[in-house]
Amino acid sequence: MKPGIHPQYRPVVFQDATTGTAFLTRSTITSSRTIEFETADGTQTYPLVVVEVTSDLHPFWTRERRIMDTAGQVEKFRRRYGERR
């Protein structure tokens, strides 16, 4: 690899915006926010990245179906375009 052209690959904490669950991994992403995170070596400060969806909530990983407001969408469609018979 050429020196000086690659982004820094370092430990980063990703946190779920909904559940608050956080996990430590390595990434090249940059962030101005930091968090104190407990590891086997003790509490250390890491960059923090807040994400909207993690495996804690994603339906693929949780095997849960989300109930969509289909009735509301149908009513919205009917109000906009009317019913045709």
Side-chain angles (χ1 to χ4, degrees):
M1 292 193 322
K2 287 186 176 181
I5 64 168
H6 299 285
Q8 184 183 6
Y9 187 64
R10 64 185 182 288
V12 176
V13 174
F14 286 89
Q15 184 177 35
D16 190 308
T18 305
T19 63
T21 306
F23 60 93
L24 179 66
T25 188
R26 295 181 59 87
S27 178
T28 59
I29 196 166
T30 58
S31 176
S32 60
R33 298 174 67 181
T34 60
I35 188 172
E36 297 290 324
F37 194 77
E38 183 70 32
T39 63
D41 298 331
T43 304
Q44 296 185 12
T45 303
Y46 295 104
L48 173 66
V49 178
V50 179
V51 292
E52 295 296 321
V53 178
T54 63
S55 60
D56 284 347
L57 287 180
H58 196 280
F60 179 81
W61 299 107
T62 60
R63 303 283 190 226
E64 294 178 4
R65 298 185 101 184
R66 293 197 180 160
I67 298 172
M68 300 293 288
D69 182 21
T70 55
Q73 294 296 322
V74 170
E75 293 303 318
K76 182 178 174 183
F77 179 83
R78 287 184 178 157
R79 278 195 310 269
R80 183 177 288 169
Y81 299 106
E83 285 191 46
R84 295 185 182 179
R85 294 186 184 208

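Scanning both residues, Leu48 and Ser31, for their nearest heavy atoms gives O-OG, 2.5 Å. Nearest heavy-atom pair across Pro11 and Arg26 is CD-NH1, 3.7 Å.
Cluster annotation: Leu24 and Val49 are assigned to distinct hydrophobic clusters (Ile/Leu/Val/Met/Phe/Trp/Tyr, side-chain heavy-atom contacts under 4.5 Å, transitive). Connection of Ile29 to Tyr9 is not established within any shared hydrophobic cluster, with ILVMFWY side chains joined at heavy-atom distances below 4.5 Å, either directly or through further cluster members.
With a 6.0 Å radius and a threshold of 12 heavy atoms from other residues, nucleotides or ligands, Arg10 has its CZ atom above the threshold.
Between Thr28 and His6 the shortest side-chain heavy-atom distance does not fall below 4.5 Å. The shortest side-chain heavy-atom distance between Phe23 and Val13 does not fall under the 4.5 Å cut-off.
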Item to complete: Please report the C-alpha distance between Glu36 and Thr45 in whole Å, then the side-chain angles of each, then the deciding distance to 0.1 Å, and finally whether the side chain to side chain donor-acceptor pair (under 3.5 Å) criterion is met.
Response: CA-CA 5 Å; Glu36 297 290 324; Thr45 303; 2.5 Å; yes
Practice prompt. Given side chain to side chain contact (heavy atoms under 4.5 Å, CB included), test Gln8 with Thr30 step by step and report yes or no.
Written response: CA-CA 9 Å; Gln8 184 183 6; Thr30 58; over 6 Å; no
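Atom CD of Glu52 and atom CG of Asp16 lie 8.0 Å apart (nearest 0.5 Å).
Note on ring orientation: taking the six-membered ring where Trp is involved, the planes of Phe37 and Tyr46 are perpendicular (angle over 60°, cut-offs 30° and 60°).
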